[in-house]
Amino acid sequence: MKLLFEKSVKGRRAIQVDNSDVPTTININSDFLRKNSAELPELSELDVVRHFTALSRMNFGVDTNFYPLGSCTMKYNPKVCERIASYPGFAHLHPLLPQLRMGGMLTQGALQVLYDMDIFLREITGMAGFTLQPMAGAHGELTGIMIMAAYHRNKGNKKTTVLVPDSAHGTNPASAAIAGYKVVVVPSDDNGIMDIKALKKLINNEVAGLMLTCPNTLGLFNSHIKEICDLIHSVDGLAYYDGANLNAIVGKARPGDFGFDIVHINLHKTFATPHGGGGPGSGPVGVNEKLVDFLPVSVVVKRDDGTYALEYNRPKSIGYIAPFYGNFAIILRAYVYILMLGKEGLGKVAENAVLNANYILAKLKKHYKAASENICKHECVFSPTDEMLQNGVHALDVAKSLIDRGFHPPTVYFPTIVKEALMIEPTETESKETIDEFIDAMIEIAEIAKTEPEKIKQSPITTPVCRPDETAAAKNLDISFHI
Amino acid sequence: MPFISNTKEQQRDMLAEIGLTMDKLFSDIPKDLRAGEFNLPKGLTEHQVRDALAEIAGKNYINLTCFLGGGFYDHFIPAAVYAIISRSEFYTAYTPYQPELSQGTLQAIYEYQSAICRLTEMEAANASLYDGGTAIYEAVMMALRITGRNKVIIDDSVNPIYRVMIDSYTKNLSIQLEQVNCVDGQANRDEIYKKLDDDTAAVILQNPNFFGCVDDFSDIAEAAHKKGALLIVSCYPVSLGILKTPGAMGADIVTGEGQSLGMPMSFGGPYLGFMATKMKYIRKMPGRIVGQTKDKLDRRSFVLTLQAREQHIRRDKATSNICSNEALCALTALVYMSLLGKEGLKETAQLCADKASYAYHKLTAIPGVKAHFKQKWFFNEFVLDLPCEAADVIARLIEKGFAAGFPLSRYYKNMEKSILICVTEKRTKQQIGMLAESLEACL
């Protein structure tokens with residue numbers, strides 16, 4: 001499809017800018033002005049609307065197709081949350097208002113949302129306090145590691161390493177590294193969960209902490225989780241809970257009760273805010289009692305008279321990690337979602353997410369190689385069978401073939417500890433009928449792979465493009481349009 | 001139960017198929033680690049939640065006439081922006097890992113990258129970062145990687161909110177941050193050159209700066225390059241409708257807050273961090289990048305590229321830990337820029353500058369109100385000195401219906417009487433006149 005820039009027609013306009021009601025004054029030295037106008041496209045409003053509508057139709061989203069992308073929790077995003085986020089009382093609120101004298105009184109509604117959300121998340125995770133500022137999961141990780149570093153600095157601990165399992169999301173080692181720590185990898189055992197013996201060997205006084213998802217990226221809950229946290233604490237390390245997979249246990253168990261010191265939550269996963277094609281997300285970080293003083297500023301507090309205020313003066317705080325209060329409109333959506341679920345709905349989320357995943361596991365393990373046949377939590381991981389692989393049908397081919405059958409593929413080639421991984425996370429919002437159709441498609445692909453593997457390798461044929469050349473893209477780099 | 005599709009009967013059938021009870025499905029969680037009842041409110045219906053939130057929203061004051069800026073601006077947003085980004089094919093998708101299913105998102109990001117390059121006159125842009133502040137932090141990390149040095153010089157007229165953020169992020173790293181105070185609203189060349197040495201990785205400047213003053217950093221770019229250091233410029237995208245671009249000044253990394261490009265203020269987010277650089281530094285840049293390529297049938301295609309820089313491949317050696325960014329906000333910015341177009345953005349920027357200039361003259365005509373700086377080159381914000389404490393006056397003007405500006409004493413010493421006033425294209429001559437009247441009455 002043509003680019004916006006290729007559709008541009010000289011002199012065409014969409015939005016009419018207001019006529020000036022003040023005199024035009026030359027208030028800027030010409031040396032400070034740009035010589036040529038920015039070469040933005042010249043289009044009508046219809047051109048623009050039609051262009052983007054056409055683009056949107058080249059996308060799969062949760063609203064158009066089943067999207068079982070493992071570890072991404074692509075659940076339904078309720079429309080009411082979108083509606084409420086657009087209420088003028090929220091959308092038109094300037095973030096600097098609370099910094100004016102008595103300005104907090106101008107934003108009591110927004111502060112109430114932030115305060116309540118903090119309380120809700122404490123209850124849901126079993127932590128003592130939250131910051132809602134991190135703007136994505138990885139941003140939460142970095143914030144959490146900064147809190148970890150502040151804790152050790154404050155105690156005079158000389159710690160240099162952070163332990164990360166080999167099955168971890170890539171953001172874990174990356175976050176620890178950019179915060180200044182050396183990353184040490186803990187291997188998984190044959191069952192795909194953290195090898196406690198290996199962990200014990202790696203525990204020493206250098207260890208600042210451990211980052212762990214639980215359940216892990218294989219969808220397995222580690223029954224030794226409390227023992228692992230205790231081990232880390234034995235060297236005054238901190239246990240960090242990566243909440244990317246919280247949807248598996250939300251309303252059923254709390255990371256704080258397992259012994260974790262720091263937790264981040266992906267509101268865009270567990271709490272149903274839209275993924276936006278790659279953000280905006282929100283990654284609140286919760287900590288236990290001993291770390292509360294290190295949380296970023298500002299913090300919303302409730303005064304005795306029932307009003308809300310922002311507290312800035314916290315001497316041990318790691319400081320500002322976001323300009324204001326986080327991705328407020330995303331936090332607001334998640335708040336609405338929690339209000340609607342209520343206490344009775346919360347546990348149903350995990351129950352149905354886990355039910356759907358185990359149903360897929362039970363139905364597909366005869367047709368694909370399951371990474372683990374034990375009960376899983378929110379997701380399950382398969383690989384093509386040896387026979388499929390011998391026929392040249394790989395995880396990627398299965399994925400592309402699913403596309404032609406109207407499904408977004410699972411996450412492929414992750415976790416890396418499983419060869420040819422297909423990581424499937426159905427979420428609780430999908431129905432049995434949809435999941436049955438997906439299972440049928442997976443089985444059909446497995447069958448065709450045995451007899452006519454070439455057919456699978458041709459996929460996808462129903463999409464605007466088919467297997468774009470990624471090597472060429474990196475080699476002949478074209479990342480900006482030139483005339 | 002809201003948002004769960006399976007009926008009780010279906011759940012029972014599925015459990016039968018699995019051969020386990022619901023309780024058994026959670027048997028891997030040790031009993032003593034399972035939660036009891038949660039202390040949360042009872043669930044609300046959609047009707048109830050909308051009423052409840054309408055009431056909460058009503059406690060926020062949004063009817064003040066806004067002369068408050070400080071890096072976050074009340075610009076006009078065309079209706080088509082919201083209509084387009086509300087297409088759920090965009091907002092319910094995720095990171096375009098499967099290019100065949102994501103050509104819409106991918107082409108839009110490619111177009112966004114192109115638009116940012118054209119706006120800033122830079123060669124390469126990424127798909128977005130969280131916000132303008134974390135974008136500067138990422139630029140600092142990038143400059144350290146490129147130069148292998150660890151000293152960074154930062155002008156004190158870079159948004160103070162961003163400066164405190166950089167302080168937080170670099171606390172556990174061995175980075176030497178040197179702050180230089182600006183002089184009469186301009187970057188302090190003498191002080192910067194004194195500090196600029198062979199250990200300097202980067203000089204960080206902002207244009208227009210926090211005080212709204214505009215500058216041309218070409219000379220500083222040249223001096224930095226002579227020492228092997230980079231110039232990082234944070235900028236306000238709408239101002240680039242008319243202002244000299246960081247690219248034309250010779251900047252190496254350009255960052256900024258993209259909120260002004262079609263995003264509502266939403267009490268601080270979601271916003272958009274943008275970043276652009278020179279082609280030669282592209283492999284050191286953080287964040288997603290979309291490239292154009294061909295598919296099997298030689299059709300134009302777009303894919304995520306240079307992924308070997310990123311955390312999901314490179315793990316602890318990645319250029320950044322960023323994964324989810326602000327894709328929908330980048331789309332918003334692209335749609336906004338397309339709707340305004342080449343002429344519209346320029347006219348909007350000119351209108352901002354003209355109205356600010358009008359307000360400046362109107363307000364400085366009030367007895368006792370003076371311009372803070374001698375030099376008069378500003379875009380759409382300016383600093384005035386009042387005869388009394390600015391925070392008091394602002395509080396009094398709130399009662400008269402104005403968010404009149406920002407008290408600079410919050411971040412700067414000896415500026416108790418200084419107010420930062422912002423005028424966007426949305427403010428009318430009449431509103432400016434009323435502000436002037438009310439301010440005069442308040443003093």
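Order of the sequence lines sets the chain letters (A, B, ...), proteins ahead of strands, with each chain counted from 1.
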Check: B:F72 ring centre within less than 6.0 Å of A:F324 ring centre: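 Centroid distance B:F72-A:F324: below 6.0 Å, so yes.
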
Answer yes when [X] and [Y] have at least one side-chain N-carboxylate O distance shorter than 4.0 Å, and no when they do not.
X      : Y      : answer
A:R13  : B:E347 : yes
A:R57  : B:E89  : no
A:R467 : B:E100 : no
A:D257 : B:R34  : no
B:D28  : A:K377 : yes

A:L97, part contacting chain B, at a heavy-atom distance under 4.5 Å: both

Roughly how far, to the nearest 0.5 Å, is the [atom2] atom of [Y] from the [atom1] atom of [X]?
X      : Y      : atom1 : atom2 : answer
B:T92  : A:Y67  : OG1   : OH    : 7.5 Å
A:F60  : B:Q98  : CZ    : CD    : 10.0 Å
A:I330 : B:E326 : CD1   : CD    : 8.0 Å

Aromatic A:F481 / basic B:R118 pairing, under 6.0 angstrom, 45° off normal: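 Because its charged atom misses either the 6.0 Å distance or the 45° angle limit, B:R118 does not stack over A:F481.
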
For the student: nearest non-hydrogen atoms of A:H139 and B:N321, plus distance: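 The pair with the smallest heavy-atom distance is N-ND2, 4.5 Å.
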
